[in-house]
Amino acid sequence: MNAPTAPILSKGLADLPDAAGATPVMAQFFEAKARQPDALVFFRMGDFYELFFEDAVKAAAALGIAQTFRGTHAGSPIPMAGVPVHAAEAYLAKLIRAGFKVAVCEQMEDPAEARKRGSKSVVRRDLVRVVTPGTLTEDSLLDARGANRLAAVAVRAGQAAVASVELSTGQVEVLLTSVAGLAAALASGVIQPMAGALAEPAASEARLKRLYGVETLDGFGALAGAEIAALGLIAAHLEITQAGRIPALRPPIRAGGADVMAIDPATRGSLEIERSLSGGREGSLLAAIDRTVTAPGARLLAARLARPLLSTEAIEERLDAVDWLLQRRELRGRVRERLKGAGDMARALTRLALGRGGPRDLGGLRDGLLAGDAITGLFAAAPDALQPAPREIASALEAVSAGRSRDLRAFVGELQSGLGPDLPALAREGGFVTSGVSADLDQARALRDDSRRVVAALEARLQAESGVPLKIRHNAVLGYFVETTASKADPLFQPPLSGLFIHRQTLASQVRFTTVELADLDARIAQAAERALAIELAVFEAWREGAVALSEPILAAAEAAARLDVAAGLAEWAEDARAVRPLIDRSLCFEAQGARHPVVEAAVTRAGEAFTPNDCRLDGAGEGGARLTIVTGPNMAGKSTFLPQNALLAILAQAGAFVPARSLRLGVVDRLFSRVGAGDDLARGRSTFMAEMVETAAILTQATPRSFVILDEIGRGTATYDGLAIAWACAEALHDVNRCRALFATHYHELAGLEERMAHVSNLSLTAKEWNGDLVFLHEAIAGPADRSYGVQVAKLAGVPAAVVARAREVLDRLESQGVTHSGLEELPLFASAAPAAFDHAKPSAVEESLRAFDLDGMSPREAMDALYKLKGLL
Ligand code: ADP
Ligand code: MG
């Protein structure tokens, strides 16, 4: 962040002893640690990543692994903990989740190479990357169906910018906003302060040019100073954490506050769009409608729900695609089947570009690009292929088809014939290049395999010649050797066989030998294998470079496949959920008929019950209905389902999805607000109520006539009159000042009176019926206020003892017969605001004034009579 915070590089060293007098290896560790003092250093030693000193203590505690000691430094044992390299990813994931940063210090050469420099030489090591939550690219560390963003914030010249990158797919975004708008723009995440100097204008610009490899930033549109600073911070973070490797990033896209529906974090949370209130994906709108078959498709759908559009044209394009695929069930099924094999090209490409990819990632690109071709073919072969497809589909097909570009075509062809079927994750495992790619490789392999055959033949020959039962084996230390059981080994030590067999090793029950011929074969095989691997690595590198050079069309194909997946998935859901195409225009209407809540409906249906569809009619222009609807009804009647149900329809429609309703007409919504009143939670009461008021204040200052607001029992977290007063005032303000479309659920039945006092208010209630003293919820929304709250019946349903329920009924009857319930409230000054001045007690009336002036003792009966007539006249 562009705040004047001290650079983090200065802290952390305090825990470390002085490096003086360290062994050569530990000196390397100290050097790495000094470069990344606030990260845990994973120090590669053979098959382990070791951690030392404080790092070891912290990691051992966080990972639940043993902490030991290794050697001494400055007279004390060095604390050490280690994780095996092959399992490192899982440990890395755990540490990142626990909030640590990890710097990976690798061995940069073979121990053999180091030995060539002298027997005392230490293997060269270097930091190759710093792992933070925003810079993950490994599939095992990422949520395949969720995005993983790294964001930077900078403030310059009174403007604020938030730049973010989804490193694993290379998508970059920048959002320009006001300083005040920052809070809404930022979702929660891990925050790390960065040195202010990193955001300095010239440095940011230079870094950004370096990141994109461009001479000028003009190609990105006119970026504001704050935007360049924020993007520059991202570039700086990547330079530091990726140790100079440059990921394949797409040009920054302006996340215009202007072209998407604004949904603040509180609203996102309460509507459970991407996550349910319990934090998981399960139970969210996204989970309910997601029928995508690829991880990139799932991520794109989440992104679309997170930012519904404002442009009716853009929304219609998406709806056209869904509609078209909804009508083509068979084609849709085939396309979805084929998409399943498309993999995650964007993430594979990023790993390749960062030098962390392997043959399996190349295989992913091959499969994805081939799937793209196959899908294009499916569309071309569809029965009505000659009819033009909607624009969204046509453009996706164009990008997804690798055949469009000759280079891409050639690249896929090369991978198709050159990559074997079983692909290792890492290139140095070898064996992934098929024969026919390189004559040298084929020759080296033939030599290796021939020699292996010769070895097999040699075993039989040596056994026949010596008459001793023996086997030829291989291990990493000795290479090939002859092995026999100790009890049979004697003849091999005696002439003439001792002239042929050279002793190498004696174990408890085995003795190992070699022969001149075997040693020679061993060297030939090792050489050939080494040569074959070197050629494979060179071939891999060429392919890797080829992929990176083609990153633009590959990423475009990946994105297009995701778009097709989303369109087909939404069509699939529309069919399952009997959803319809919404009618979207620039009016201020909201007219839903027979609408359902996608998440609650699923839950109710699972429980074997039927969901009751409901209508909702609002009109900001005040013609087709009220703009503010007060929703009442007993507890459990369905108020808290009805409100979000309508908000979700707006989100779905503007995200380009069909809606679960019989019909929906929607005038585009610019901002959506949802607030749910705090419960009567005694422990948190005050603070939640305070938070609720802060959030409500935000709505009253931001909602426009184009906005849509739902307020569920606002004010319930405080004493009755306070709560009622606040609810009343908020409803008035929404109606008179914000003039937005709004649904306002409340248990204060007094609010039903607003309908008579204001022009554009209506009442709606969710119904329940009493049946033989029990309460039956119909969940039906009907015009007009609820007649009563049925609190006593709800208490009975909740299992309150019968005697208490009976007594409550008695008290209620008494109260109602005495008219004590609502009527008293009308006399409160609060509700007199719209009433005539008669309630205004501050200034005495004319009648009062003349009464006060009368001198009753000095009046004659006649004068008294006149005064009475005058008073009557004044009235
Ligand atoms: P309220 O806010 O009025 O107390 P809720 O919206 O929380 O009521 O609804 C209570 C329960 O009633 C829900 O959990 C759901 O199971 C059921 N419900 C709500 N609306 C409907 C509906 N339209 N059709 C069927 N069941 C519903
Ligand atoms: Mg409720």
Side-chain angles (χ1 to χ4, degrees), residues 267 269-272 276-278 282-285 288 577-579 592-617 629-649 659-662 664 674-681 688-689 692 696 709-718 723-724 727 730 742-749 751-752 763-771 774-800:
T267 300
S270 83
L271 287 179
E272 305 181 284
S276 70
L277 288 177
S278 55
E282 200 57 34
S284 66
L285 172 68
R578 291 163 294 119
Q593 288 189 307
R596 292 163 279 130
H597 188 301
V599 181
V600 178
E601 181 185 22
V604 168
T605 315
R606 261 200 306 279
E609 281 163 41
F611 189 88
T612 312
N614 277 313
D615 300 351
C616 177
R617 233 171 111 96
T629 293
I630 306 293
V631 180
T632 47
N635 259 324
M636 295 298 289
K639 300 183 295 297
S640 301
T641 304
F642 180 76
L643 264 60
Q645 164 178 312
N646 290 297
L648 294 181
L649 292 190
V659 291
R662 213 166 53 243
L664 172 72
S674 163
R675 293 293 183 276
V676 179
D680 303 311
D681 184 338
T688 43
F689 176 67
E692 179 187 323
T696 307
V709 174
I710 61 174
L711 292 174
D712 191 351
E713 309 221 20
I714 284 298
R716 108 183 131 173
T718 186
L724 172 53
C730 287
L743 294 172
F744 197 121
T746 180
H747 62 281
Y748 297 119
H749 288 205
L751 289 190
N763 277 302
L764 184 145
S765 55
L766 283 138
T767 50
K769 278 220 165 67
E770 241 181 306
W771 181 260
D774 280 334
L775 201 58
V776 180
F777 296 108
L778 305 174
H779 305 298
E780 241 167 65
I782 58 167
D787 45 358
R788 49 197 296 198
S789 70
Y790 297 101
V792 175
Q793 288 85 342
V794 172
K796 183 179 170 195
L797 277 183
V800 172

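In listed order, ligands and their atoms are each counted from 1. Counting from 1, the numbers follow the sequence of the chain as shown. Computed from a predicted structure; not experimentally measured.
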Provide, to 0.1 Å, the distance between [atom] and the closest protein heavy atom, together with that atom's residue and name.
{"atom": "atom 4 (O) of ligand 1", "value": "Met636 N, 2.6 Å"}
{"atom": "atom 23 (N) of ligand 1", "value": "Thr612 O, 2.9 Å"}
{"atom": "atom 7 (O) of ligand 1", "value": "Ser640 CB, 3.8 Å"}
{"atom": "atom 8 (O) of ligand 1", "value": "Gly638 N, 3.0 Å"}

### Query
Heavy-atom distance from atom 14 (O) of ligand 1 to the protein below 4.0 Å?
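Protein heavy atom within 4.0 Å of atom 14 (O) of ligand 1: absent.
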
On a heavy-atom basis, which atom in [X] and which in [Y] lie closest, and how many Å separate them?
{"X": "Leu724", "Y": "Leu751", "answer": "CD1-CD2, 4.2 Å"}
{"X": "Phe777", "Y": "Ala637", "answer": "CD2-CA, 3.8 Å"}
{"X": "Asn614", "Y": "Ala781", "answer": "OD1-N, 2.8 Å"}
{"X": "Leu648", "Y": "Leu285", "answer": "CD2-CD2, 4.0 Å"}
{"X": "Pro785", "Y": "Ala752", "answer": "CB-CB, 3.6 Å"}

### Query
Strictly under 2.8 Å, is any N, O or S atom of Ser640 next to the Mg ion (ligand 2)?
yes

Report yes if the side chains of [X] and [Y] come closer than 4.5 Å at any heavy-atom pair, otherwise no.
{"X": "Ile782", "Y": "Ser765", "answer": "yes"}
{"X": "Leu778", "Y": "Thr612", "answer": "no"}
{"X": "Leu766", "Y": "Pro634", "answer": "no"}
{"X": "Thr267", "Y": "Arg675", "answer": "yes"}

### Query
Can you find an N/O atom of Phe642 closer than 3.5 Å to an N/O atom of ligand 1?
no

### Task
Please determine if Val600 has a nitrogen or oxygen closer than 3.5 Å to a nitrogen or oxygen of ligand 1.
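Between Val600 and ligand 1 (N or O atoms, distance only) the closest approach is not under 3.5 Å.
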
Close-contact set for ligand 1 against [X] heavy atoms, below 4.0 Å:
{"X": "Asn635", "answer": "4 (O)"}
{"X": "Phe611", "answer": "21 (C), 22 (C), 23 (N), 24 (N), 25 (C)"}
{"X": "Thr641", "answer": "5 (P), 6 (O), 9 (O), 19 (C), 20 (N)"}
{"X": "Pro634", "answer": "3 (O)"}
{"X": "Ala610", "answer": "25 (C)"}
{"X": "Val604", "answer": "16 (O), 26 (N)"}

#### Entry: Sub-4.0 Å heavy-atom approach of Ala637 to ligand 1
yes

### Message
Leu643 and side chain to side chain contact (heavy atoms under 4.5 Å, CB included): which single residue from Val676, Leu271, Thr629, Ile710 fits?
### Response
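Result for side chain to side chain contact (heavy atoms under 4.5 Å, CB included) with Leu643: Ile710.
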
## Note on the structure
Heavy-atom proximity to atom 12 (O) of ligand 1, picking from Glu713, Gln645, His779, points to His779

